[in-house]
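Computation of the quantities below employed the complete heavy-atom set of this structure, encompassing side-chain atoms and omitting hydrogens, waters and symmetry-equivalent molecules. Residues take their numbers from the sequence shown, with the count starting at 1. Read the numbers this way: they start at 1 and go in the same order the structure lists the ligands and their atoms.
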Amino acid sequence: MAAAMMAGSPAAAQRAHRAQHRPAHARNIILFLGDAGGLPTISAAGILAHDRPQALFLQSMPHLGLSDTSSSNRWVTDSAAGMTAIMTGRKTNNSMVSVVPDGSGGGVKPVKTLLEYAEAHGLSTGVVTNMPIWDATPAACFAHVASRKDKGDIFRQMLAPRFGNGVDILIGKGRADAEAAFAARQTSPEHAFAAAGYRFGNDPALVGQHGRVAVLRDADFSPVSTVEATVRQLDRNPKGYFLMVEWDMHTPNPLKGLRHAVEMDDLIRRISAVAGKDTLILFTADHSFGLRMSGGDRASPLARQVEAAAAQPGATVASNPVISVTDDHTGEEVIATASGPGAERLHGFFPNTRLFEIMMAAFGWTEDR
Ligand SMILES: [Zn+2]
């Protein structure tokens with residue numbers, strides 16, 4: 001009875017119409033990874049920016065769930081094991097990047113990443129981060145190392161892909177690290193990236209001109225224009241694309257970290273508007289972080305109250321009565337939110353490895369076994 005009444009309503013007709021025209025699979029996936037962007041950070045960032053609750057764009061996304069981030073050997077993960085789970089569907093030990101122990105006592109074996117599946121299927125791929133491009137989160141998309149500190153091997157693997165022709169657009173920090181890593185192999189990043197078919201430089205405006213691009217710099221860049229240009233360029237591939245965008249939200253300084261969260265939210269809002277209905281947009285964090293909102297008066301801006309408390313004699317970041325931070329990863333579930341084809345699979349509590357399965361299913365792919 002209730003169903004019959006609902007079926008006759010204009011809203012139900014509209015839903016049925018949309019369902020008919022919704023693509024079965026995602027053509028593209030954009031994974032937004034808020035590094036250390038746990039729920040306490042997201043929630044406080046939204047209030048800081050808008051002075052009302054739940055005003056962030058990602059708090060309006062239609063599907064959500066809660067992701068367990070524990071690693072194989074620790075309740076509290078690092079970014080390496082956290083991103084490995086999301087990119088490969090396998091939990092591993094902290095500090096391991098897209099490898100798992102092979103059972104031989106100390107040995108490891110690589111696990112194929114979602115980005116590698118995308119390359120193998122002929123899609124275009126991109127990795128954009130405001131962290132060093134060799135850092136654990138971006139590296140887990142394209143490299144396989146037992147220790148996240150193995151910068152030299154991560155740079156080597158960046159240009160020696162196991163599937164397809166490797167990441168098509170690479171944007172991040174760590175220019176000086178790249179100079180050192182390639183110098184150790186008697187070459188330079190300019191030569192090595194050019195030989196691998198990239199336009200190489202430090203200006204994000206290189207993206208969108210033509211072909212494969214690697215932008216490595218040590219300074220910040222504007223996320224919206226850079227990611228928009230990346231999406232436009234990747235979208236030229238008729239088969240679609242996979243793009244991972246990491247924005248770091250770790251910080252001992254709460255206001256700075258929370259502004260990064262708002263910056264990423266603005267980015268997701270903007271990119272969701274331009275990405276097209278055949279794009280699965282997924283936001284999650286690799287782990288949560290020791291930030292707590294313990295006070296605050298609704299009558300005045302929250303940021304001003306945090307700053308006033310911080311200016312009191314003897315104040316510390318950890319004891320701030322409005323927003324306090326202990327500079328540590330924490331073990332509670334993180335939120336994942338999504339829109340687009342396949343987003344409806346995101347619900348309830350689940351292990352972080354489910355995010356890999358959701359992305360594979362959205363593309364309509366099955367795992368190699
Ligand atoms: Zn992290």
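For Asp286, the N, O or S atom with the smallest separation from the Zn ion (ligand 1) is OD2.
Rounded to the nearest 10 degrees, the angle OD1 (Asp35) to the Zn ion (ligand 1) to NE2 (His287) equals 110°.
For Gln54, the side-chain contact (heavy atoms from CB on, under 4.5 Å) partners two or more places apart in sequence, or in a different chain, are Gln59. For Arg259, there are no salt bridge (charged side-chain N to carboxylate O under 4.0 Å, His left out) partners at least two apart in sequence or on another chain.
In this structure, Asp78 contributes its side chain and Ala81 its backbone to a donor-acceptor pair below 3.5 Å.
Around NE2 of His50, the count of heavy atoms belonging to other residues, nucleotides or ligands within 6.0 Å exceeds 12.
Here Asp248 fails the criterion, with no N, O or S atom under 2.8 Å of the Zn ion (ligand 1). Among the backbone and side-chain atoms of Met83, no N/O/S atom is found under 2.8 Å from the Zn ion (ligand 1).
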